[in-house]
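Worksheet for the structure shown next.
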Amino acid sequence: FMINTHIVAHLVTLGFDKLLAAFIAGLIGFVRIGGTVLWGFVSDKLGRDPTYAVAILVTLAGLGCLIAMSEDSPMWYVYLAAVLYSIGHSAGNPTYGSVIADIFSGRKVGLIFGFLEISFGLGSAFGAWIGGYLFDVTGSYRWPFSLCLVCFAISGFAIHVCSKWHSQHAAERAASTAAIAG
């Protein structure tokens with residue numbers, strides 16, 4: 001949410017027109033609509049872990065473009081950064097939620113999602129604030145957006161580790177059940 005909060009200010013700070021900056025923010029939201037459906041479909045076909053890994057790489061590419069952007073960046077680069085970030089970031093809802101449901105399915109999945117939503121809300125509030133604070137301290141959005149890049153990389157790693165853990169324990173449970181039955 002740091003990006004969504006500060007993208008307009010980032011572009012205006014770089015010298016882009018305010019109306020264009022607002023349009024880019026709207027474009028990010030609009031592209032997320034199709035991206036969310038796309039990633040949900042892909043994760044059902046390829047699996048959660050590989051889909052989320054690809055989505056994180058796309059997100060990181062978009063963030064890298066946003067970080068590297070300057071006042072001399074051509075318009076195609078601005079659009080590329082926005083679309084890459086938006087498409088990658090849109091995987092969060094369908095894949096992240098599906099991974100949690102896959103790993104923690106059962107009676108407590110609603111409670112788990114509830115606690116996750118609390119952490120997402122706190123992260124959203126803190127992200128918006130820390131983005132502004134880091135901009136005030138450094139005079140640039142490169143540091144706050146770099147922090148987002150690191151957080152997305154950690155998210156991708158966490159999903160990968162959790163998926164591997166779940167697969168390993170599912171295989172162990174299946175082997176144990178087969179040994180008992182045999």
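Taking 4.5 Å as the limit, every side-chain heavy atom of Val37 sits out of range of all side-chain heavy atoms of Ile33. In this structure, Phe23 and Phe30 have side chains that are not in contact, with every pair of non-hydrogen atoms separated by 4.5 Å or more. Under the 4.5 Å side-chain criterion, counting only non-hydrogen atoms from C-beta, Leu20 is not in contact with Leu11. Between Val8 and Lys18, the closest side-chain pair of non-hydrogen atoms is not below 4.5 Å.
A distance of 4.0 Å separates CD1 of Ile3 from SG of Cys148, quoted to the nearest 0.5 Å. Here CG of Leu149 is found 5.5 Å from CG of Leu63. Values are rounded to the nearest 0.5 Å. Separation of atoms CD1 (Ile28) and CG (Asn4) is listed at 6.5 Å; rounding is to 0.5 Å. Within the model, atoms CZ of Arg48 and CD1 of Ile159 stand 11.0 Å from one another, a figure rounded to the nearest 0.5 Å. Considering CG of Leu14 and OH of Tyr141, their distance stands at 10.0 Å, rounded to 0.5 Å. Here the CG-OG distance, from Leu134 to Ser140, works out to 10.0 Å after rounding to the nearest 0.5 Å.
Nearest approach of Arg142 to Ala68, heavy atoms of both residues: NH2-O, 3.8 Å. The minimum heavy-atom distance linking Thr51 with Ser43 is given by the pair OG1-CA, 3.2 Å. The two residues Ser73 and Phe16 make their nearest non-hydrogen contact at O-CZ, 3.8 Å. In terms of heavy-atom proximity, Phe152 sits nearest to Ile56 at O-CD1, 3.5 Å. Residues Met69 and Ala81 come closest through the heavy atom pair CE-CB, 3.7 Å. Nearest approach of Thr36 to Pro94, heavy atoms of both residues: O-CG, 3.4 Å.
Residue Tyr77 qualifies as enclosed at atom OH: its count of foreign heavy atoms under 6.0 Å is above 12.
Leu80 and Leu57 are members of different hydrophobic clusters when ILVMFWY side chains are connected at heavy-atom separations under 4.5 Å. Taken together through direct or relayed side-chain contacts under 4.5 Å among Ile, Leu, Val, Met, Phe, Trp and Tyr, Val150 and Phe157 form parts of separate hydrophobic clusters. Taken together through direct or relayed side-chain contacts under 4.5 Å among Ile, Leu, Val, Met, Phe, Trp and Tyr, Phe113 and Phe120 form part of one hydrophobic cluster. Taken together through direct or relayed side-chain contacts under 4.5 Å among Ile, Leu, Val, Met, Phe, Trp and Tyr, Val12 and Met75 form part of one hydrophobic cluster. There is no path of hydrophobic side-chain contacts, each under 4.5 Å, that joins Val109 to Leu111.
Between the Thr5 side chain and the Ala128 main chain, no donor and acceptor come within less than 3.5 Å of each other. Proximity of a side-chain donor or acceptor of His160 to a complementary backbone N or O of Ala53 within less than 3.5 Å is not detected.
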Checking side-chain hydrogen bond (donor to acceptor under 3.5 Å, both in side chains) for the pair Ser163/Tyr52: CA distance, chi angles, key distance, verdict? CA-CA 11 Å; Ser163 293; Tyr52 199 68; over 6 Å; no
Take Tyr85 and Val31, measure what side chain to side chain contact (heavy atoms under 4.5 Å, CB included) needs, and give me the verdict at the end. CA-CA 10 Å; Tyr85 168 73; Val31 169; over 6 Å; no
Would Val54 and Trp39 satisfy side chain to side chain contact (heavy atoms under 4.5 Å, CB included), going step by step from the backbone distance to the final call? CA-CA 10 Å; Val54 170; Trp39 290 118; 3.8 Å; yes
Chi angles and distances behind the side-chain hydrogen bond (donor to acceptor under 3.5 Å, both in side chains) call for Ser86, Arg32: CA-CA 6 Å; Ser86 183; Arg32 278 185 57 92; 5.7 Å; no
Run the side chain to side chain contact (heavy atoms under 4.5 Å, CB included) check on Ile87 and Thr59 step by step: do they pass? CA-CA 7 Å; Ile87 288 174; Thr59 305; over 6 Å; no
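Checked against a 6.0 Å centroid threshold, the rings of His10 and Phe145 count as neighbours.
Note: Tyr133 and Trp129 have parallel aromatic rings, judged against thresholds of 30 and 60 degrees for the angle between ring planes.
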